K.L.:
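Quick one: the structure is below, and I'll ask about it shortly.
All values derive from a computational prediction rather than experimental measurement.
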Amino acid sequence: MKTLVFTVLLLGISSAACSQSPPSNFRTEQVWKTTKLAQPVAFAKHPSQPRWWVTEQAGRVVTFEEGKPATVALDLKDRVRFGGERGLLGVALDPKFDANGRIFVNYTASPESGLETRVSSFTSKDGGKTFDPASEVIRLRVAQPYSNHNGGHIAFGPDGYLYIGLGDGGSGGDPKGHGQNKDTLLGSMARIDVSAASGYTIPKDNPFAKGGGRPEIYAWGLRNPWKFSFAPDGKLWVADVGQNAWEEVDIVEKGKNYGWNVLEGTHCYAPKLDCSTKGMTAPVTEYGHDEGQSITGGFVYRGALHPNLVGQYIFGDFVSGKIWAFDPKTAKREFLIDTSFAIPTFVEASDGEVLVVDYGSGGVHRLVSKESSK
């Protein structure tokens with residue numbers, strides 16, 4: 001997310017700093033009220049059971065059954081570097097979890113060599129109620145030159161491979177040019193095969209599997225991909241946090257370049273640079289900092305509560321608390337609701353409803369039509 005964006009809530013910056021919102025036809029309703037979470041940033045669900053795993057940024061993975069209190073499944077505070085945009089940032093359940101008991105996490109560590117992103121797996125022997133901290137297998141390490149733009153989200157795609165969102169390495173404006181450098185994983189969406197007990201292999205169809213760039217890269221030119229998801233049709237929707245002016249949503253495809261740091265959204269970022277868009281893929285939608293300042297990705301809606309939103313991408317903004325829907329058929333973005341939440345992530349429930357999370361309170365909420373409350 002944006003530099004020190006997690007401190008916004010603590011500083012008490014109001015969402016009123018952004019443009020005035022139009023009237024909303026929605027309200028929010030808290031779910032799982034007995035489940036207490038502390039600074040949640042990522043959720044993973046069992047595919048056939050009402051059990052969830054949540055990363056708390058300070059370094060714990062907690063687990064709960066819907067409607068029940070959360071318990072600690074894995075405590076990594078002794079190895080997680082927490083603060084600002086650093087911490088325990090991503091969680092994904094192995095597609096073969098019921099057979100191998102593995103969970104994957106993405107966290108910031110600080111070994112003697114300096115900050116780094118780690119993607120590790122841990123193993124459970126009790127169905128995910130607990131994971132053995134000593135079972136860690138570090139799959140991927142990526143050195144981080146600065147303390148921000150860690151990305152952090154991980155998810156298994158429909159192809160069974162693990163996708164890893166990596167920011168440009170931090171500072172501001174991508175001073176080291178990572179976004180357009182195919183020889184670094186920073187500023188990219190990586191894709192690896194972690195089906196073995198340790199390490200990883202490169203999918204044969206990765207763009208640079210045979211050379212020309214880092215073989216782990218799936219796509220590049222990203223600034224700080226903060227949450228991504230796969231739609232029912234398999235498309236990969238990514239929210240990429242902007243610099244000073246524009247936030248963007250991309251449909252990320254294999255081998256494509258999404259423009260950073262030549263472009264911020266569809267706009268030339270630095271006039272002194274060659275701002276040619278040749279070979280670059282534009283976002284499907286964007287918004288300026290009069291509406292929000294740090295985009296949070298969501299999901300393509302497939303629920304039943306709001307039939308008019310089916311097939312639209314629901315996403316929001318951490319700073320302003322606003323939530324929108326983007327219709328890929330019309331290429332129009334529609335304002336849904338202005339919340340008081342600092343939105344670190346969205347959650348897709350089993351029934352396809354998109355839930356919104358509040359970083360400060362730890363509460364999880366669903367969108368409800370105002371008409372339904374009359």
K.L.:
Applying salt bridge (Lys or Arg N to Asp or Glu O under 4.0 Å), can you list everything that pairs with Glu264, at least two apart in sequence or on another chain?
P.N.:
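Glu264 satisfies salt bridge (Lys or Arg N to Asp or Glu O under 4.0 Å) with no residue once adjacent residues are dropped.
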
K.L.:
Hey, what do you get for CG (Asn206) to CG (Asp193), rounding to the nearest 0.5 Å?
P.N.:
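That separation rounds to 10.0 Å.
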
K.L.:
Of all the heavy-atom pairs spanning Leu263 and Cys275, show the shortest one and how long it is.
P.N.:
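Smallest heavy-atom distance, with atoms named: CD2-SG, 3.6 Å.
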
K.L.:
With rounding to the nearest 0.5 Å, note down the distance linking CD in Gln144 to NE2 in His149.
P.N.:
10.5 Å

K.L.:
Got more than 12 heavy atoms from elsewhere within 6.0 Å of NZ, Lys235?
P.N.:
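At most 12 heavy atoms, drawn from other residues, nucleotides or ligands, come within 6.0 Å of this atom.
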
K.L.:
Side-chain heavy atoms nearer than 4.5 Å, only ILVMFWY residues, links allowed to pass through others: does that put Ile217 and Ile164 together?
P.N.:
yes

K.L.:
May I ask you to decide if Gly316's main-chain N or O and Thr296's side chain share a donor-acceptor pair within less than 3.5 Å?
P.N.:
no

K.L.:
How long is the gap from CG on Leu336 to OG on Ser369, to the nearest 0.5 Å?
P.N.:
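Leu336 CG to Ser369 OG: 11.0 Å, rounded to 0.5 Å.
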
K.L.:
Quiz question: by atom type and distance under 3.5 Å, do the side chains of Asp240 and Trp260 form a donor-acceptor pair?
P.N.:
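Looking only at side-chain atoms, Trp260 and Asp240 do not form any donor-acceptor pair under 3.5 Å.
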
K.L.:
Any salt bridge linking Glu116 with Arg118? Criterion: basic side-chain nitrogen under 4.0 Å from a carboxylate oxygen.
P.N.:
yes

K.L.:
side-chain contact (heavy atoms from CB on, under 4.5 Å) between Val356 and Ile337: does it pass, once the steps are laid out?
P.N.:
CA-CA 11 Å; Val356 57; Ile337 185 172; over 6 Å; no

K.L.:
Should Leu236 and Phe299 be regarded as members of a common hydrophobic cluster, given that ILVMFWY residues are connected when their side-chain heavy atoms come within less than 4.5 Å of each other, either directly or indirectly?
P.N.:
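In one cluster with Leu236: Phe299, no.
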
K.L.:
Given 3.5 Å as the limit, does a donor-acceptor pair link the side chain of His306 with the main chain of Leu367, or not?
P.N.:
yes

K.L.:
Tell me the closest heavy-atom pair linking Gly279 and Asn257, and the distance in Å.
P.N.:
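So the minimum-distance heavy-atom pair works out to O-CB, 3.7 Å.
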
K.L.:
Is Phe43 isolated, or which residues cluster with it under the ILVMFWY side-chain rule of less than 4.5 Å, directly or via members?
P.N.:
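Taking Ile, Leu, Val, Met, Phe, Trp and Tyr as members, Phe43 shares its hydrophobic cluster with Val31, Trp32, Leu37, Trp52, Val54, Val62, Phe64, Val72, Val347, Leu355, Val357, Val364.
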
K.L.:
Could you list the residues that satisfy salt bridge (Lys or Arg N to Asp or Glu O under 4.0 Å) with Glu136, not counting sequence neighbours?
P.N.:
Arg79

K.L.:
If you look at every heavy atom in Ala42 and Lys227, which pair is closest and at what distance?
P.N.:
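Smallest interatomic distance, heavy atoms only, reads CB-NZ, 3.7 Å.
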
K.L.:
For Ile138, which fellow cluster members are found when Ile, Leu, Val, Met, Phe, Trp and Tyr are connected by side-chain heavy-atom distances below 4.5 angstrom, either directly or through intermediates?
P.N.:
none

K.L.:
Hey, is the main chain of Ser188 close enough, under 3.5 Å, to the side chain of Tyr258 for a donor-acceptor pair?
P.N.:
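Side chain of Tyr258 to backbone of Ser188, a donor-acceptor pair under 3.5 Å: no, none is there.
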
K.L.:
When rounded to the nearest 0.5 angstrom, what is the spacing between CG in Asn224 and CG in Asn150?
P.N.:
7.5 Å

K.L.:
Linking I/L/V/M/F/W/Y whenever any side-chain heavy atoms sit under 4.5 Å apart, do Trp226 and Val249 land together?
P.N.:
yes

K.L.:
Nearest 0.5 Å, what's the CZ-CD distance between Phe82 and Glu56?
P.N.:
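Output value for this atom pair is 10.0 Å.
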
K.L.:
Got Glu66 and Lys45 here, is their nearest side-chain heavy-atom distance under 4.5 Å?
P.N.:
yes

K.L.:
Can you check side-chain contact (heavy atoms from CB on, under 4.5 Å) on Tyr359 and Val41, steps first, answer last?
P.N.:
CA-CA 7 Å; Tyr359 179 78; Val41 292; 3.9 Å; yes

K.L.:
Identify the residue among Phe315, Phe335, Phe26, Phe346 that makes a ring pair (Phe, Tyr, Trp, His ring centres under 6.0 Å) with Trp324.
P.N.:
Phe315

K.L.:
Walk me through it: do Ile343 and Ile323 pass the test side-chain contact (heavy atoms from CB on, under 4.5 Å)?
P.N.:
CA-CA 9 Å; Ile343 306 172; Ile323 299 174; 3.8 Å; yes

K.L.:
Verify the distance criterion only: is there a donor paired with an acceptor across the side chains of Glu286 and Thr266 at less than 3.5 Å?
P.N.:
yes

K.L.:
Indicate yes or no for a side-chain donor-acceptor contact from Asp168 to the backbone of His178 under 3.5 Å, with no hydrogens or angles considered.
P.N.:
no

K.L.:
Has the side chain of Thr285 got a donor or acceptor atom that lies under 3.5 Å from a matching backbone atom of Arg333?
P.N.:
no

K.L.:
Using a 4.5 Å cut-off on heavy atoms from C-beta on, say whether the side chain of Leu115 contacts that of Thr108.
P.N.:
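Heavy-atom side-chain distance check passes, below 4.5 Å.
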
K.L.:
Applying side chain to side chain donor-acceptor pair (under 3.5 Å), run through Tyr200 and Glu216 and close with a yes or a no.
P.N.:
CA-CA 10 Å; Tyr200 65 88; Glu216 298 92 343; 2.5 Å; yes

K.L.:
Donor-acceptor check, side chain of Asn106 to backbone of Ile154, threshold 3.5 angstrom: yes or no?
P.N.:
no

K.L.:
Classify the angle between the aromatic ring planes of His46 and Trp53 as parallel (below 30°), tilted (30 to 60°) or perpendicular (above 60°).
P.N.:
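Rings of His46 and Trp53: tilted, as their planes differ by 30° to 60°.
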
K.L.:
Give the cluster check for Val284 versus Trp220: same hydrophobic cluster or not, with ILVMFWY residues linked at side-chain heavy-atom distances below 4.5 Å.
P.N.:
no

K.L.:
According to the interplanar angle, ranging from 0 to 90°, do the rings of Phe97 and Phe131 count as parallel (below 30°), tilted (30 to 60°) or perpendicular (above 60°)?
P.N.:
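Aromatic pair Phe97/Phe131 classed tilted.
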
K.L.:
Short question: side chain of Thr34, backbone of Gly67 - any donor-acceptor pair under 3.5 Å?
P.N.:
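Side chain of Thr34 to backbone of Gly67: a pair is present.
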
K.L.:
Phe230 pairs by ring pair (Phe, Tyr, Trp, His ring centres under 6.0 Å) with which of Tyr163, Trp237, Phe156, Tyr161?
P.N.:
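Answer after filtering Tyr163, Trp237, Phe156, Tyr161: Tyr163.
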
K.L.:
Examine distances only and state if a side-chain atom of Arg139 and a backbone atom of Gly199 form a donor-acceptor pair shorter than 3.5 Å.
P.N.:
yes

K.L.:
Linking directly or through intermediates, with side-chain heavy atoms under 4.5 Å: list the remaining ILVMFWY members grouped with Trp246, chain and number order.
P.N.:
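Reading the cluster by chain and number, Trp246 sits alone, since nothing else belongs.
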
K.L.:
Can you tell me if Asp75 uses its side chain to pair, donor with acceptor, with the backbone of Arg60 under 3.5 Å?
P.N.:
no

K.L.:
Show your reasoning for whether side-chain contact (heavy atoms from CB on, under 4.5 Å) applies to Gln57 and Leu88.
P.N.:
CA-CA 5 Å; Gln57 191 187 358; Leu88 182 56; 5.9 Å; no

K.L.:
Taking C-beta and beyond as the side chain, do Glu348 and Ser229 meet within less than 4.5 Å on heavy atoms?
P.N.:
no

K.L.:
Between Lys129 and Thr71, is there a side-chain donor-acceptor contact under 3.5 Å, judged purely by atom types and distance?
P.N.:
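Not at all, the side chains of Thr71 and Lys129 share no donor-acceptor pair under 3.5 Å.
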
K.L.:
Minimum heavy-atom separation for Pro40 and Pro344, please, with both atom names.
P.N.:
O-CG, 3.2 Å

K.L.:
Minimum heavy-atom separation for Gln293 to Glu247, with atom names?
P.N.:
O-OE2, 3.4 Å

K.L.:
Hey, could you give me each pair passing salt bridge (charged side-chain N to carboxylate O under 4.0 Å, His left out) that has a residue in residues 28-40? Not counting sequence neighbours.
P.N.:
Arg27-Glu29, Glu29-Arg366

K.L.:
Between Asn181 and Thr184, is any side-chain donor less than 3.5 angstrom from a side-chain acceptor?
P.N.:
no

K.L.:
Let me confirm one number: the CG-OG1 distance from Asp327 to Thr330, rounded to the nearest 0.5 Å.
P.N.:
3.5 Å

K.L.:
Could you check whether any side-chain N or O of Ser124 sits under 3.5 Å from a backbone N or O of Thr130, counting only pairs where one atom can act as donor and the other as acceptor?
P.N.:
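Side chain of Ser124 to backbone of Thr130: a pair is present.
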
K.L.:
Please give me the minimum heavy-atom distance between Ser294 and Tyr287, naming the atom from each residue.
P.N.:
C-OH, 4.1 Å

K.L.:
Do you reckon Val61 sits in the same ILVMFWY cluster as Tyr107, going by side-chain contacts under 4.5 Å, direct or chained?
P.N.:
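Result: yes, single cluster for both.
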
K.L.:
Under a 3.5 Å cutoff, is there a donor and acceptor pairing between the side chains of Glu353 and Tyr301?
P.N.:
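There is such a pair between these side chains.
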
K.L.:
Inspect the contact between Lys256 and Asp250 and indicate whether a charged nitrogen and a carboxylate oxygen are less than 4.0 angstrom apart.
P.N.:
no

